[in-house]
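Below is one structure; the comments refer to it alone.
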Amino acid sequence: MDSSLIPRGLQRTSFPRFLAWVLPWVALLGVGLFAVYLCLAYGLNQTNMDNRFAFGAWIYLDLTVIALGAGAFFTGFLLYILRRKELAAVINSAVVIGFICYSGAVAVLMVDVGQPLRAWFTFWHPNVHSMLTEVTFCITCYLTVLAIEYVPLILKNRKLRKNASMLLFEFQLHKLMVVFAGIGTFLSFFHQGSLGGLYGVLVGRPFAFRPAFGIWPSTFFLFILSAAAAGPSFILLTSWLVSKIARKPLVAPDVYRTLGRISGSILLVYVLLKAVDTLVWINRTAPGLGFQASSFYRYGDFGSWILFAEIVLLGLLPALMLLSSRVAQHTGWLVTAAAMACSGIVLNRFVMTIQTLALPTLPFDAFLSYVPSWQEVATFLAVIAYGVLVYSFSFRYLNLFPQERELRSA
Amino acid sequence: MVIDLDRCTGCGACVIACAVENNVPPAHEGTTPRTGLTWMRVVRVDDGRSFPDTRSVFVPLMCQQCDHHTPCVSVCPQNAVEYDEETGIVTQVPVRCLGCRYCMTACPYHARYFNWWDPEWPAGMEQTLNPDVSTRMRGVAEKCNFCHGRLQAARAKAAAGSRPLAPDDYQPACVEACPTEAIVFGDLNDPRSTVSAAASSPDTFRLLEHLGTGPKVRYRSRSAAVRESLTRNSVSSEKEQVHG
Amino acid sequence: MNSSISRRDLLRFAGGGVLGLLLSPLPWKVLDDSAIWTQNWPWIPEPSRGPITWSASTCSLCGAGCGVRVRSSNGHPVSLAGQAGHPMSAGTLCATGLLAHHLACHPSRVLQPIRITNGTERTAADMATIVAAIHAAHSASTSASPAIAVIDSRPGRAASRLLMELAHQWPSAAYGVAPQAGRARTDLIRKHFRTAVPEFAADIQHARLIVSFGAPLVDGWGTAATARTLLAETSAHPRPRLIQIEPVRSRTANVAETWIPVTPGTEHVCALAIAQAIIEGRRMKSAVRARAEDAAALAAFLHDLDLPPAVRRCGISDARILEIARSLSDEPASVVVASPAAPEEVQSAVLLLNLVAGTFFREGGLRPLPEIPGAARTTDARTLEDFDDHSLSVIILDESAAGADIPAAVFGQKLKPGSGIVVSLSPFAAPRPVPIQYVIPAAVWGERLTDVAGTSPAGEISVGLAMPVMPARPDTFDTAAFLGAVTGTSQPSTEEILRQRIAAIWSGRRGMVYDPSSPTLRPVHAFGGTDALWSVLQSGGCWIDGPRPAGSMPAFRFLPAGLAEHLTKRVAATKAATAPALALVITSDPLRRDQAFDATLMSKVRDESGLYLPCGSVAIHPTTAEAHNVGVGDDATLSINGTTLPVHIACDSSVPPGLVSAMDGDGPVALAQSKISDRSVGSVASATSAPSVIPVTLWKA
């Protein structure tokens, strides 16, 4: 049964070894699901969030995985719309990663809200002025698109292909993929931006507030750019990681280089705009709200080093590395640079979600810290376990890397 | 609403009256000041001077009923926060609330509270619940609405008398409970009202005025040190820290 | 026609069915219903909506006598508010009083007699067993000293008379009272006068200058109207000057015009120094000097005390002392008050200062209180401490009205070893250090008729009725019913005793009656008789009587027998004392006046907002914390006289460096106090009263 499901021409590890790899993740997922049960049954008192830290580890997770999952839409955009054919080598993997990231984020969001059964109220009584409405609409729609993009991959499975109607369906879907990629790109641009807007509109949080262009604050655009930059880097990183774990080449080195170049150039644009945005914020926005920007960096461990790390160390540096042809010659360096670029975005999302809430606003407020409860951490890890599991099964039974066969024979 | 800080002793009567009026449940075991449900709370603020010149001021803090740029109204994804154009009161609709807590992150005054637990009353205490206010459930946000139940009752009474609602027809529970009459409530738009007179006094100020949220709760104190310590932003507090 | 159904057909049918279902209204219905369900969770109570009624009553949680407006729905109170215009409380109600209607369903409520073993284990008890135990003690008693102590937590109530009568009927029983804050002071005052004088109250309402030695004036001094008197400002009533002399920055110190931090334990020195400054500045009024028998002796005594070295320990400058002396003698309407919890030397020194400043018998000063007609005098009654050691078989505590707490150690000291029992008539059974074996369920506020006698900020006294506003729980007792059960005889009901009291008021024809329905204040004689008075009081009104006419100051002595020696000893002790590493200042919890029970919603100002320091927490200045290497939220142990107690550390910049501020109340801190007042423990403990200042050592746990 197992071997009959594995795509023809691909070599996969033995089933017991696969099982040994999968089981710990299943256990982790199980613990996480128990934590989810506790939160749903007993309420959010199971978390360490509070009235000041109303958003916690989960929102941070959501923002981060959605940024990293941006590889799906951006690769799709490059491949189907801009016709960068070489990216066909990673598109399947990118779609799976996107699907994992988005479905994981939506699942966590359902635990994070106090009344999950009322989630559909947003569609029924939408407040069009809310960034969260935009996010909810786009993410649910895009998750549907990702699911549709994922379906042909599954249908290509050896076993399912035996069914003629399935094959036909897959073929028809494939023809439509350009349309879906287009819709996905459009939706993604919006919700990536809206996630940034989520914090940028908070006039009550002078640390996060940014002036608006039209109806969107600058973080809207910065989030789109940063997600577009992080996406390809994350694809690069995951492809490399999978090939290391599977101990076989999966994509040609020039694909890595292409991904690196794309990521690097967008990252460079992002870093420059982020620097301009930060300068405007320091000199105009924050003082306009009655706060001196430097005052935000006086508390706890959140010193101004964080700005340096975000913009230079994990921004400008990896951007230049990814663009350097010398670095591109060494996959190791390329992967390091991609990891740094991803870390920079992860740090940016952390600053936006956690530091914003930790900082005082009223003159008599205190700086607060927050440590997630085990239930929060377990749910967080369960998303990762879920991702690893979905990816592992997809990798074993579906053809995620079209070049794998050629590279094997070469 | 204008709150005279010079008269506040920090006795907490307003906090208790508010909880009774609005059917706010008692603390669940394990509740801390960070997870408590206090539509109104009194915060002690030191004026920043060193011992023995130091004084504290007790600041009753509730929803500041922001005006035009109400941070919480615009962020709610499903219109569970409403702004009443007639009264200018910002109201939470708990039965429509999804519990996403975006409004809580948006509020600079930390005046919104989340039901981390299911509300629980000791056996028999449900008989003491105010019939004019619905109880809330776990997983939704709530906050001060200037005693909406009392406003509705006053409206009904005015309607029964076939007359328009007069601004002095009702007083929120905290105003009524304050033993030193530190809180004045009324129609700020009516230039003849007591509250307008109090609000136009030069020693009146608002919290975080720079943010432009236009809160309709004003504070006043004759002490310049108190005014300074409550309106200073990080610019001046930073100076203080430099001086040690 | 082939009618066989293949597997594929079945699958198709099922698939089509599922698709069809998705397009049907069913999913929407499920979605909708689930959301509606979240809005109507069956386990969340909804208020029962019924007709709203208003009534008026009097709060009986403490002895202040505030007027209450009760809003009821379906015949059950849903909220309380002050009665605007009430002569005692002027529309105010404190945080504790606002929750009086919640006490009936408090989780610690007792609804049947219980037996407590090992301090915490509770089992249902039989009323007959308890009564039998009391009777056994009664009949077994042979010695001349009483075997049963009947301790009244709130003397002065109508029911107090019944308790006294029981003690009168049973030779083996004796009546006693819980320690009364004002009593020690009244005793001290009487020593100064040769002729009998009544009790005195400070007339805060008319005072223009108040010098307070740690008195909690805005925090539980009579009704909350006192705070309004001190803080409200109108052209007719400008704010009085308030000088607060107190080691920690209490709520009163915080709103005072001047707060003078004083070294704890030196308040008496400060008061004596001010008195000396008045005398040496020749500022003593001629009227005072004329009535005093020993003005010269006082001057000599103060001179011989050699105060300056002791004053230096107070931490108050000579200029400050001179300034207060000048203000006190210049302002005719001035008064000096002390915290009721202050030790005897402070009370004595403050009285002496009042005598020197001539505040007695003056408007805005110390004014003589009238007496309540028909009320038994309890000021001479003994307290539990006055009984012989190990002489009591039974201590009956009437705690149906909350009163001052009796230190736990006293019980063990007075009970017969091994066999003595303590029976408490109380609505609640919360864990406490007092060794109570039996609790008889008592009614709470609003369940049964009781009376409240209070004193206003202007030094008026009042009598009001706390009316039943909700159905009483069956099997609960008030004092009269309890005594009926104990004696097996029919006792007069509370209503009957109260009617007798009202009749006495009517026949006295003194004072005024407040009628909340008008609302007006009319003289007693304007009413038709007892019945008219009774019905006004039943509708939430009250009888009040103003201070006695000023009259002239009787002859007095500044230094009655023993005072000079006592003060000399205490001043010498202050001079000799080595400064402790840290001084502990215990303040009583203003929300627990008369040990009133914490309602559950009190969590809003305690756990949920931290507005009040929780019991078992101590607050210290950040620099002190740093110096002793303790941090916020740390668990630490506080050692006092060899007793170590677990405490939580809170950092508070309002606490002066070198002090530890703790809130008295439940838990470890209350335990500490009861141990300290044990005469046999510790050398620091004052021999006469619970000291409020103790040198402590603070250890990080």
Roughly how far apart are [X] [atom1] and [Y] [atom2], rounded to 0.5 Å?
| X | Y | atom1 | atom2 | result |
| --- | --- | --- | --- | --- |
| B/Glu181 | C/Glu233 | CD | CD | 13.0 Å |
| B/Arg44 | C/Asn254 | CZ | CG | 7.5 Å |
| C/Lys604 | B/Ile16 | NZ | CD1 | 8.5 Å |
| B/Met125 | C/His102 | CE | NE2 | 4.0 Å |
| B/Met137 | C/Trp37 | CE | CH2 | 11.0 Å |
| B/Leu98 | C/Thr38 | CG | OG1 | 10.0 Å |

Other residues, nucleotides and ligands only: do more than 12 of their heavy atoms fall within 6.0 Å of CD on B/Gln152?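 Atom CD in B/Gln152 is crowded, with more than 12 foreign heavy atoms closer than 6.0 Å.
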Quick check on [X] against chain B: is it the side chain, the backbone, both or neither that has a heavy atom closer than 4.5 Å?
| X | value |
| --- | --- |
| C/Ile52 | side chain |
| C/Ala253 | backbone |
| C/Thr600 | both |
| C/Leu93 | backbone |
| C/Met470 | neither |
| C/Arg249 | side chain |

Check: B/Pro26 main-chain N/O paired with C/Ser603 side-chain donor or acceptor under 3.5 Å: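 No, C/Ser603 side chain to B/Pro26 backbone: no donor-acceptor pair under 3.5 Å.
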Max heavy-atom pair count under 4.5 Å with chain B, selected residue of C/Ala104, C/Gly50, C/Ala232: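 If we count pairs closer than 4.5 Å to chain B, C/Ala232 comes out on top.
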Taking every non-hydrogen pair under 4.5 Å, which of [options] racks up the most with chain C?
| options | value |
| --- | --- |
| B/Val57, B/Thr35, B/Val133 | B/Val133 |
| B/Cys178, B/Pro25, B/Ala177, B/Pro94 | B/Pro25 |
| B/Glu176, B/Arg138, B/Arg136 | B/Arg138 |
| B/Pro122, B/Ser56, B/Gly139, B/Ala182 | B/Ser56 |
| B/Ala17, B/Ala123, B/Ser134 | B/Ser134 |
| B/Glu126, B/Arg41, B/Arg96, B/Arg7 | B/Arg7 |

Between B/Cys8 and chain C, with a heavy-atom cut-off of 4.5 Å, which part of the residue counts as in contact: side chain, backbone, both or neither?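 Backbone only.
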With the side chain counted from C-beta on, respond yes when B/Pro119 and C/Trp43 share a heavy-atom pair under 4.5 Å apart, and no when they do not.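 Side-chain contact under 4.5 Å: no.
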Among C/Leu98, C/Leu80, C/Leu99, find the residue that satisfies the side chain to side chain contact (heavy atoms under 4.5 Å, CB included) test when tested with B/Val20.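 It is C/Leu99; the other options fail the test.
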Is it true that C/Arg71 and B/Asp132 make a salt bridge, defined as a side-chain N closer than 4.0 Å to a carboxylate O?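 Salt bridge flag = yes for B/Asp132 with C/Arg71.
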